[in-house]
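First the structure, in the form of structure tokens, and then the observations on it.
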Amino acid sequence: MPELPEVETVRRVLAIQLIGKTIQSSIIRYEKMIKRTSVVDFQSRIVGKKVDSISRKGKYLLFHLGIETLVVHLRMEGKFYLKHPEDVWEKHEHLELAFTDGTSLRYHDTRKFGTFELYAPGETFEGGLGEITYEPIDEAFDRQQFIQKVRKSHRPIKAILLDQSVIAGLGNIYVDETLFRAKVHPERRGNTISIKEIEKIATESRLVLEKAVELGGSTIRSYTSSLGVTGRFQNELFVHTHAGEPCPVCQTTILKTRVAGRGTYLCPTCQKRRK
DNA sequence: AACAGACCCTGAGGGC
DNA sequence: TGCCCTCAGGGTCTGT
């Protein structure tokens, strides 16, 4: 499940592979992936456009195609492969962009959750990120505003950290790791967490994401030969996916529970319910 | 306004 | 062996 580090890794590989290429045609085999515009509109607007650059906002990939911006979210299983139009279509491949140089980009998504959206100039992309994107690794990250948002919320801190309008880029894996490193129990309500602890959360989230980006993200499912998605950060995970094993800090058995509707890993000794 | 829950979708894994 | 059921999950939409 790609989170910020995985998406950033994919972005870097795609940038090397695709910048400068011009889209000659496209094939869309699963139309529900295309949001905002009709499929016909989508296809006619991207044809002939050149990939100028590829950027990222939280977990969203932004393909800058001249005056158009193609915004892609991989959700849990989305993957890109560089192929050729004549290649046989694999199961779960739903879309292809064919370029004028004879190569093509295939999109593979087992669960069909990924989305493709086209934005024209003047159409603002917010994409569930709220008015501003707060990535903890971004220089513009507003720590004070983050503290205020956490302090005024009565939700469990895990739910708050998964909310992309509060802090962008964290998903289930990195929230668990951040809270473990900050020694905060995932069920604690935002308004019960001290400013010092929230600062620790902000710091740890940044360190976790930076390290994960450096290692190319985490590979939890076995992605094979997909562009970019074979990271090494899974070796750095302290609690996520380690239920039943000893905590690396205190040897207490790591628990798996459910918080905010998500599978959640934690150390009950290091992460106290109360301060 | 804030928050909880359903929904989208398919494969994996457990139970029988 | 194989069928049925449940679960997983990010973001959006709907309901309270």
Side-chain angles (χ1 to χ4, degrees), chain A residues 1-8 10-11 28-37 56-62 71-79 89-95 107-117 119 124-135 145-146 148-178 186-193 205 209 212 217-224 226 229 234 237 239-244 255-265:
Chain A
M1 64 210 77
E3 301 181 26
L4 185 154
E6 291 76 24
V7 177
E8 175 60 19
V10 171
R11 186 198 69 76
I28 292 154
R29 296 166 49 125
Y30 182 67
E31 303 199 341
K32 287 172 76 176
M33 288 192 320
I34 309 299
K35 307 295 182 185
R36 300 189 79 247
T37 60
R56 182 187 55 72
K57 196 169 183 183
K59 304 175 199 171
Y60 289 84
L61 280 170
L62 283 70
V71 179
V72 177
H73 196 300
L74 305 172
R75 285 302 200 278
M76 274 76 71
E77 313 246 0
K79 299 182 253 303
W89 283 75
E90 304 287 336
K91 193 178 183 186
H92 304 308
E93 285 184 346
H94 307 305
L95 176 148
Y107 178 72
H108 181 289
D109 189 342
T110 310
R111 293 194 185 160
K112 299 180 174 174
F113 272 19
T115 55
F116 287 66
E117 307 175 292
Y119 288 77
T124 49
F125 163 62
E126 294 181 358
L129 299 177
E131 293 174 6
I132 306 169
T133 304
Y134 299 95
E135 281 180 24
Q145 198 150 6
F146 174 65
Q148 294 311 313
K149 286 191 177 186
V150 173
R151 292 280 284 179
K152 73 171 191 186
S153 174
H154 292 230
R155 303 154 80 191
I157 184 64
K158 171 138 189 179
I160 299 171
L161 296 181
L162 286 170
D163 184 340
Q164 303 296 300
S165 69
V166 175
I167 184 167
L170 293 174
N172 206 29
I173 300 171
Y174 296 112
V175 166
D176 282 0
E177 293 302 309
T178 295
E187 288 178 17
R188 285 182 57 194
R189 309 273 160 179
N191 60 326
T192 71
I193 302 175
S205 68
L209 290 179
S218 301
T219 308
I220 284 190
R221 290 166 183 274
S222 52
Y223 290 96
T224 53
S226 159
V229 198
Q234 66 275 15
L237 298 175
V239 290
H240 199 85
T241 71
H242 289 295
L255 293 182
K256 183 179 183 188
T257 62
R258 200 167 178 83
V259 182
R262 297 281 182 264
T264 299
Y265 299 83

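Residue numbering restarts at 1 for every chain, and letters A, B, ... go by the order of the sequence lines. Because only heavy atoms are used, hydrogens play no part in the values below, and waters and symmetry mates are left out as well, while side chains stay in.
- In this structure, CG of A:Asn172 is placed 5 Å from P of C:dG9, rounded to the nearest angstrom.
- Distance CD (A:Glu117) to C1' (C:dG11): 10 Å, rounded to an integer number of Å.
- Applying the 3.5 Å distance criterion, the base of C:dG10 shares no donor-acceptor pair with the side chain of A:Arg111.
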Checklist line | Audit row: A:Val239, A:Glu177, side chain to side chain contact (heavy atoms under 4.5 Å, CB included) steps and yes/no | finding: CA-CA 6 Å; A:Val239 290; A:Glu177 293 302 309; 3.4 Å; yes
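- Distance A:His73 NE2 to B:dC8 C1': 14 Å, rounded to the nearest Å.
- Atom CZ of A:Arg155 is separated from atom P of B:dG5 by 12 Å (rounded to the nearest Å).
- Phosphate proximity of C:dG11 to A:Lys59: present, with a side-chain N or O under 4.0 Å from OP1 or OP2.
- A:Glu3 places its CD atom 11 Å from the C1' atom of C:dG9, with the value rounded to the nearest Å.
- With rounding to whole Å, A:Gln148 atom CD is found 14 Å from B:dA2 atom P.
- For the OP1/OP2 pair of B:dC3 and a distance below 4.0 Å, the side-chain nitrogens and oxygens of A:Ser153 include at least one atom meeting the criterion.
- Close to B:dT10, at under 4.0 Å from its OP1 or OP2, lies a side-chain N or O of A:Lys112.
- At C:dG10, none of the side-chain N or O atoms of A:Tyr60 fall inside 4.0 Å of OP1 or OP2 (strictly under the cut-off).
- Remark: A:Asp163 does not engage A:Lys149 in a salt bridge, criterion side-chain N to carboxylate O under 4.0 Å.
- Between A:Thr264 and A:Asp176, some side-chain heavy-atom pair lies under the 4.5 Å cut-off.
- In this entry the distance linking OH of A:Tyr174 with P of C:dG9 reads 15 Å, nearest Å.
- Applying the 4.0 Å criterion to OP1 and OP2 of C:dG11, one finds that A:Lys35 has every side-chain N and O outside that range.
- When the side-chain nitrogen and oxygen atoms of A:His92 are compared with OP1 and OP2 of B:dG11, one or more of them lie within a distance under 4.0 Å.
- Within the 4.0 angstrom heavy-atom criterion, only backbone atoms of the sugar-phosphate kind lie near A:Lys91; the bases stay farther away.
- Considering only heavy atoms from C-beta on, A:Ser205 comes within 4.5 Å of A:Leu170 through its side chain.
- Taking only side-chain nitrogens and oxygens, A:Arg75 never comes nearer than 4.0 Å to OP1 or OP2 of B:dC8.
- Between A:Gln164 and C:dG10 there is no side-chain N or O to OP1 or OP2 distance below 4.0 Å.
- At the heavy-atom level, A:Thr115 lies nowhere under 4.0 Å from the strands shown.
- No donor-acceptor pair under 3.5 Å is formed between the side chain of A:Lys59 and the backbone N or O of A:Arg56.
- Atom pair A:Met76:CE and B:dT10:P shows a separation of 12 Å (rounding to whole Å applied).
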